[in-house]
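All remarks here apply to the structure that follows.
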Amino acid sequence: MKIYADNAATTKMSRHAIDAMIPYMEEIYGNPSSLYEIGQEAKEALESARERVARVLNCEPREIYFTSGGSEADNQAIISAARLGARKGKKHIISTAFEHHAVLHTLNKLKEEGFEIELLDVHSTGLIDPKQVEDAIREDTALVTIMYANNEIGTVEPIREIGKICRDKGVIFHTDAVQAMGHVSVDVARDNIDMLSLSAHKFHGPKGVGVLFAKKNIMLTNIIEGGAQERGKRAGTENVPGIMGMVAALEDATKDIDGYAKKLIPLRDKLIEGLDKIPYSELNGDREHRLPGTVNFCFEGIEGESLLLLLDDKGISASSGSACTSGSLDPSHVLLAIGRPHEVAHGSLRLSLSEDITEEEIDYLITSVNEVVTYLRNMSPFWRDLVNGVRPHVFKE
Amino acid sequence: MKIYADNAATTKMSRHAIDAMIPYMEEIYGNPSSLYEIGQEAKEALESARERVARVLNCEPREIYFTSGGSEADNQAIISAARLGARKGKKHIISTAFEHHAVLHTLNKLKEEGFEIELLDVHSTGLIDPKQVEDAIREDTALVTIMYANNEIGTVEPIREIGKICRDKGVIFHTDAVQAMGHVSVDVARDNIDMLSLSAHKFHGPKGVGVLFAKKNIMLTNIIEGGAQERGKRAGTENVPGIMGMVAALEDATKDIDGYAKKLIPLRDKLIEGLDKIPYSELNGDREHRLPGTVNFCFEGIEGESLLLLLDDKGISASSGSACTSGSLDPSHVLLAIGRPHEVAHGSLRLSLSEDITEEEIDYLITSVNEVVTYLRNMSPFWRDLVNGVRPHVFKE
Amino acid sequence: MALYSDKVMDHFRNPRNVGVLEDANGIGEVGNPVCGDIMKMYLKINDDEIIEDVKFETFGCGSAIASSSMATELIKGKSVEEALSLTNKAVAEALDGLPAHKMHCSVLAEEAIKSAIDDYNKRKNGEK
Amino acid sequence: MALYSDKVMDHFRNPRNVGVLEDANGIGEVGNPVCGDIMKMYLKINDDEIIEDVKFETFGCGSAIASSSMATELIKGKSVEEALSLTNKAVAEALDGLPAHKMHCSVLAEEAIKSAIDDYNKRKNGEK
Ligand SMILES: Cc1ncc(COP(=O)(O)O)c(C=O)c1O
Ligand SMILES: Cc1ncc(COP(=O)(O)O)c(C=O)c1O
């Protein structure tokens, strides 16, 4: 059996998205800035794509800027809000401890420039309480940036309520919706969002293309200077094929969010229940407020990379917050942020499902993880110490 | 007849480049940062692409960074050199007056930060004399950035000699080779280049992907912060399909540069001779030191946009430096930089050929331009004033 | 959503009333080559102050040529008073709209007519 | 160019000498769970100072498990002296190389062996 269960890392492009790109690669290749026919055709496509994205997000077309992905959108949103704030002497930014690195590293850069960065606690649930935001906002707050859904543990934040608080207090609110889009309903008007980031390859669109939504009253700062593309706010010849593929995927991914949830949530819950039966394991992040397809567990006594490699041998593609897989020395900052100790965080597993997963595959996932965890524990001196009581367990059985 | 003569704006993707992308869109869609098979396959592809680009440029694979295009590469190169310079108190940057806006606008930003930007005169030929660079370099020069070939008039600069001077004086040398790659031979070792920018869609590759070459001793500054992709210097999930398409196109475009020149130069020269016969017209930029496929003329008494629209009606896609087509109030900064007065710059036409142009098509281009120029002059009060001697001509007949 | 409306392209491709009017009694020229557009209007106004004939010459972009052409159509056969009340908006509307950054072309057309009528008035009053 | 060589994957998938040696006379453990790897080596050394048997237990990534497995193979049947001269580089080379950021796994294997022999020496000298 082959199961791709790493849809939070990237997704398989849909046939529809690929087909939407091809004509712009083969025939309508003109530069949208050109006057002649195939340039103007490309320009029309580009502007209709902008309208279609705006319709999905519920905003105006001119509030949509196409970028090279989620990271660029995050960087530009945060830098822009910081520059706007600094002009009014506002240098306080509120975020959370478990944002994506595209957000956290940009905030670090601003910190070096003299901004004060306040990272809210996300609790053991991986959830922010809107009250925390309310309490943290000050006169000199330039920006609140809080992700819509977390990429590792899949928790979904109370964005609408946070947005309301920011709107009432007149503070710019940005949300990284890279993991949320296509999985839960996102509406920038309803949710009081001022800026929002998307990345196409997370919802069956192409890699290397994304969206920054910014309300029309927000003056963006360029990250990339040059030509006057994207209303002068993002230079570079437009990636028209990529944008067309993204829009096709975006419409497909959002056209039946309720049906998607209805189908996927029972399967996800079955997976959670199955993995929960493995002794000394625990779900990461709140049980309820989570993406329909994302499940993240910690297993005591094993290390994530070996787990992934053995699952790969069984045809299962998954990911882990283990330091070995992150390329850094520490395990996932997300798992540490929800209070997992290092030794447990190393033994984490994220399974992120796609809509076409079957019940049979869920069973296979549960059985396989169980087998591999047992196998690895049997050769783990750490596990031996745990069961022998030499070291204390972190989780209940 | 249909002739796409705007290859300097963007090119038609080659079948080979499209075919090189498809497997990475359809099947090998894994995230290169993942451990499992389709992630590792994507990673292998990515690293072999890096090796292939390095082979073409004659550098090491680790000196290749993939970006979202030429603009991003230009921005990052210049910002990086500026930051390195500033740390040593060097805040003088040398460039030219006719660089692409991705360079000029980035330099403007640095100017606001306190850098001193010296733009060298490009003369009526559109050529820099290496001696100018030698004379301009100072103790506190952080960077010399001079384009390999100009995108509007097609002149090719003496990059090798300029590189030599910079190398001897220990100054970082960046060149925007977006227009040169695939048209003239580029070799970063031979040419003494420290940093170089490319954009795939200019050589029959995909839009939205490019390359920054930076010598291994040059520490890059991130433009986009986040994940540890591209040795930590360019965050964002890698656009593997785009990169694979780019590499295929790059290899094709560079495998027979001599044959390309041999085929195209006579046709280009025929076009120049044909257009030169139109009275009161003049070639922009040096006759000899130019790209094999780029021709740019000014015609007195007419305006570029109308020229383009009527050529489009005749099936010819071309571009102009007219203010009306640039979206700004002034005509092309490039034409102004080579000393064309505004009224003449408005009447410019760039024809940039692809390799598959035929002699018959060249004839059609000459005849069509002749017809349209004559037609427009006949309704131009400005032209009437010129021929009646009310206003002075700029060019000889 | 193409650059120009079909109307604009029609008037650009097939401009009406192009050329010089040898017996014009009102000639106006506006714009300047440095900015990339010049419009010249030739009017033949009869004793009843009716614009009997009109021609134009234009150096400029597609919308400049189309605006000139449309403007001549709109004033041909009209009284001087009516011609004076022609606004640039009316020209743009008659063309089914112009892109925002091209509206100045319709302004030029309005100004060219005013300038030609001004010239006519000056000649009539013997100022010329 | 995959993450690991075939050798590493073989030793990871089919680790040699996994488990506990009940009659070990030298046991070493290195690493720590906070860093994500622990290696435990069990040696049975006979009177001629030959390593008659060896087993390991490892908590860690693929290359940690493969390094342990390879290290046990390399020292099994060897003298204590030979085992002491085993370097981490030799372990990595025997595995057809390790990625740069995984070299520390081979270091761990070297250290685990040294630690187990140290334990054996201490027991022999009655220190334990
Ligand atoms: C000389 C030059 N530099 C940079 C660029 C920017 O490339 P891109 O639009 O792909 O970002 C271009 C093309 O637009 C160019 O011609
Ligand atoms: C929450 C979140 N934000 C931002 C990103 C960055 O997106 P990209 O890698 O497409 O730039 C990702 C994915 O990597 C993500 O999961």
Side-chain angles (χ1 to χ4, degrees), chain A residues 4 6 9-13 18 21-22 25-26 29-31 33-39 68-72 74-75 100-103 105-106 108-109 199 201 206-209 222-228 235-242 305 308-309 311-312 316-319 325 327-328, chain B residues 4 6 9-13 18 21-22 25-26 29-31 33-39 68-72 74-75 100-103 105-106 108-109 199 201 206-209 222-228 235-242 305 308-309 311-312 316-319 325 327-328:
Chain A
Y4 182 74
D6 202 15
T10 194
T11 56
K12 185 167 162 58
M13 276 191 78
I18 296 175
M21 291 178 73
I22 302 286
M25 290 164 49
E26 287 181 349
Y29 58 87
N31 189 319
S33 308
S34 308
L35 282 181
Y36 42 79
E37 206 179 325
I38 62 160
S68 70
S71 300
E72 186 187 329
D74 280 341
N75 277 248
H100 190 268
H101 283 137
V103 169
H105 290 176
T106 305
N108 272 346
K109 191 158 81 175
S199 187
H201 71 97
K207 293 181 172 62
V209 51
N222 283 57
I223 298 279
I224 300 176
E225 304 274 357
T237 304
E238 300 89 341
N239 178 1
V240 180
E305 192 207 87
L308 295 190
L309 290 171
L311 288 175
D312 189 24
I316 297 168
S317 300
S319 90
T325 69
S328 82
Chain B
Y4 182 73
D6 202 15
T10 195
T11 56
K12 185 167 163 56
M13 275 191 79
I18 296 175
M21 291 178 72
I22 301 287
M25 290 164 49
E26 286 180 349
Y29 57 87
N31 189 318
S33 308
S34 308
L35 283 182
Y36 42 78
E37 205 178 325
I38 62 160
S68 71
S71 300
E72 186 188 331
D74 280 341
N75 276 248
H100 190 268
H101 283 137
V103 169
H105 291 176
T106 306
N108 271 346
K109 191 157 80 174
S199 187
H201 70 96
K207 293 181 173 63
V209 52
N222 283 57
I223 298 281
I224 300 176
E225 303 275 356
T237 304
E238 300 89 340
N239 178 2
V240 180
E305 192 207 86
L308 295 190
L309 290 171
L311 288 176
D312 189 24
I316 297 168
S317 300
S319 91
T325 69
S328 82

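Every chain is numbered from 1 and lettered A, B, ... according to where its sequence line falls, protein lines coming before strand lines. Here the structure is a predicted model, which means the values were calculated and not measured. Any value given below was found using the heavy atoms of this structure, including those in side chains, with hydrogens, waters and symmetry copies removed.
Looking at B/N222, only its backbone comes within 4.5 Å of chain A, counting heavy atoms on both sides. Contact annotation for B/S199: neither backbone nor side-chain heavy atoms come within less than 4.5 Å of a heavy atom of chain A. Heavy atoms closer than 4.5 Å to chain A are found in the side chain of B/I22, but not in its backbone. At a 4.5 Å heavy-atom cutoff, the contact between A/S34 and chain B is made by side-chain atoms alone.
When each of B/I223, B/I224, B/T10 is checked for heavy-atom pairs under 4.5 Å with chain A, B/I224 comes out on top. Of the listed residues (A/G227, A/S317, A/S68), the greatest number of heavy-atom pairs within a distance under 4.5 Å of chain B belongs to A/S317. When B/I316, B/L311, B/N108, B/T11 are compared by the number of non-hydrogen pairs under 4.5 Å with chain A, B/T11 comes out ahead. Taking A/M21, A/H201, A/K207 one by one and counting their heavy-atom pairs under 4.5 Å with chain B, the maximum is reached by A/K207. With chain B as partner, the option from A/S71, A/G70, A/P241 having the largest number of non-hydrogen pairs under 4.5 angstrom is A/S71. With respect to chain B, the highest number of heavy-atom pairs below 4.5 Å among A/G208, A/G242, A/A102 belongs to A/A102. Options B/G39, B/G69, B/G236, B/A9 differ in how many heavy-atom pairs under 4.5 Å they form with chain A, and the most are formed by B/A9.
Looking at heavy atoms from C-beta onward, B/E72 lies out of side-chain contact with B/N75 at the 4.5 angstrom threshold. Annotation: side chain of B/P206 is in contact with side chain of B/M13 (closest heavy-atom distance under 4.5 Å). Between A/I38 and A/Y29, some side-chain heavy-atom pair lies under the 4.5 Å cut-off.
If you take CD on B/E305 and CG on A/L35, they are separated by 5.0 Å, rounding to the nearest 0.5 Å.
A/E238 meets the salt bridge (charged side-chain N to carboxylate O under 4.0 Å, His left out) test with no other residue; sequence neighbours excluded. Under the ring pair (Phe, Tyr, Trp, His ring centres under 6.0 Å) criterion, B/H100 pairs with no residue at all, not counting sequence neighbours.
Checking side-chain atoms of B/D74 against main-chain N and O of B/V103 turns up no donor-acceptor pair under 3.5 Å. With hydrogens and angles disregarded, no donor-acceptor distance shorter than 3.5 Å links the side chain of A/H101 to the backbone of B/G226.
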